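Only one structure is covered here, and it is reproduced in the block below.
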Amino acid sequence: GAVVSQHPSRVICKSGTSVKIECRSLDFQATTMFWYRQFPKQSLMLMATSNEGSKATYEQGVEKDKFLINHASLTLSTLTVTSAHPEDSSFYICSAHPGLEGTDTQYFGPGTRLTVL
Amino acid sequence: DAKTTQPTSMDCAEGRAANLPCNHSTISGNEYVYWYRQIHSQGPQYIIHGLKNNETNEMASLIITEDRKSSTLILPHATLRDTAVYYCIVRGSQGAQKLVFGQGTRLTINP
């Protein structure tokens, strides 16, 4: 089956620093990738939709200048949390869509746990 | 996308069939029913999806009622590794559409 990886799997950083999370589709090309955030004991919340070669579409309430998304190739999307604060500590998960007609399934990465001290 | 309603939690004995219900009474004609599960501290895993016919794969079976207003995910022989949060999601079929996750059902398989 399709495999999506994320790097790093966990990261601890100091308040005020920026953190970059990578999402890669390993065996397929992903025209669209999605970024989710999950706080403890809560469900996944969609942050933004990322299309290769164009600007990301952010969900209401998500600051685009704080959560920078780059989808420069068909196998890689990055999420940069800028000037991270403790309230940004969360589990960040990406998913990738192959972009083929009739293939509706999204495949999720294993997630990145961010802890901001 | 149509909203779904699932029980908050369920328990099932190991080796028995786990039947997880989902209500989606406002589903429209071109919307699919998707099931994902999330084991603790991992990304969601795709299980199965269907439009109106019952579906079966190596992981589970999906039974959709004739009026499509509800469905049941069946894990035929539950194991301890099936303990997870199960999400029922309704979405359209056109291209890469976002998935909107509800609270899901926390399924606990007991030895």
Side-chain angles (χ1 to χ4, degrees), chain A residues 1-6 9-10 21 23 25 28-52 54 56-60 62 71 74 77 90-113, chain B residues 1-9 20 22 27-53 55 57-60 62 83-108:
Chain A
V3 179
V4 176
S5 70
Q6 283 185 237
S9 58
R10 61 176 63 232
I21 302 170
C23 176
S25 54
F28 66 97
Q29 292 186 328
T31 56
T32 303
M33 289 183 172
F34 301 88
W35 286 96
Y36 296 80
R37 179 168 55 180
Q38 185 175 33
F39 293 106
K41 299 188 185 303
Q42 295 186 22
S43 187
L44 284 78
M45 289 177 51
L46 180 67
M47 298 176 68
T49 302
S50 168
N51 292 299
E52 186 266 337
S54 63
T57 301
Y58 290 81
E59 295 297 301
Q60 191 172 9
V62 178
H71 193 160
L74 287 172
S77 176
S90 188
F91 192 48
Y92 291 87
I93 308 168
C94 71
S95 71
H97 187 278
L100 301 173
E101 286 302 321
T103 303
D104 302 316
T105 304
Q106 290 180 31
Y107 300 95
F108 285 81
T112 297
R113 187 162 301 282
Chain B
D1 294 326
K3 180 179 169 57
T4 63
T5 304
Q6 298 177 252
T8 303
S9 63
L20 291 90
C22 179
I27 192 170
S28 61
N30 64 346
E31 289 183 316
Y32 284 73
V33 180
Y34 279 78
W35 284 84
Y36 282 80
R37 73 179 182 183
Q38 186 179 26
I39 296 170
H40 183 62
S41 293
Q42 297 182 24
Q45 177 188 23
Y46 166 79
I47 301 174
I48 199 168
H49 75 283
L51 182 62
K52 52 184 177 182
N53 297 322
E55 302 287 345
N57 62 19
E58 65 278 5
M59 289 183 68
L62 174 60
T83 293
V85 178
Y86 287 76
Y87 297 98
C88 168
I89 301 169
V90 170
R91 51 150 283 190
S93 62
Q94 298 301 314
Q97 296 193 12
K98 61 186 180 184
L99 295 173
V100 179
F101 285 80
Q103 293 304 308
T105 296
R106 183 173 298 278
L107 175 66
T108 302

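Bear in mind that the values here come from a model prediction, so they are computed numbers and not experimental data. In what follows, chains are A, B, ... by sequence order, proteins preceding strands, each numbered from 1.
- Per-residue counts of heavy-atom pairs under 4.5 Å with chain B were compared for A:G109, A:G111, A:P110; the largest is that of A:P110.
- Within the structure, the salt bridge (charged side-chain N to carboxylate O under 4.0 Å, His left out) test picks out no pair touching residues 37-46 of chain A (sequence neighbours left out).
- Between A:M45 and A:E59, every side-chain heavy-atom pair lies at or beyond the 4.5 Å cut-off.
- If you check the side chains of B:S28 and B:N30, you find a donor sitting under 3.5 Å from an acceptor.
- When atom types are taken as modelled, the side chain of B:Q6 and the backbone of B:Y86 share a donor-acceptor pair closer than 3.5 angstrom.
- Contact residues of residues 101-108 of chain B toward chain A are B:F101, B:G102, B:Q103 (heavy-atom distance under 4.5 Å).
- A:Q6 does not touch chain B: none of its heavy atoms, backbone or side chain, sits under 4.5 Å away.
- Closest of all the heavy-atom pairs between A:V4 and A:C94 is CG1-SG, 3.8 Å.
- B:T4 places a side-chain N or O within donor-acceptor distance of the main-chain N or O of B:C88, the cut-off being under 3.5 Å.
- In this structure, the portion of B:Q38 lying under 4.5 Å from any heavy atom of chain A is its side chain and not its backbone.
- With a threshold of 4.5 angstrom between heavy atoms, A:I93 approaches chain B through side-chain atoms but not through N, CA, C or O.
- The side-chain heavy atoms of B:C22 and B:V33, taken from C-beta on, include no pair separated by under 4.5 Å.
- A donor-acceptor pair is defined here as one N or O able to donate and one able to accept, closer than 3.5 Å; no such pair exists between the side chain of B:E55 and the backbone of B:I48.
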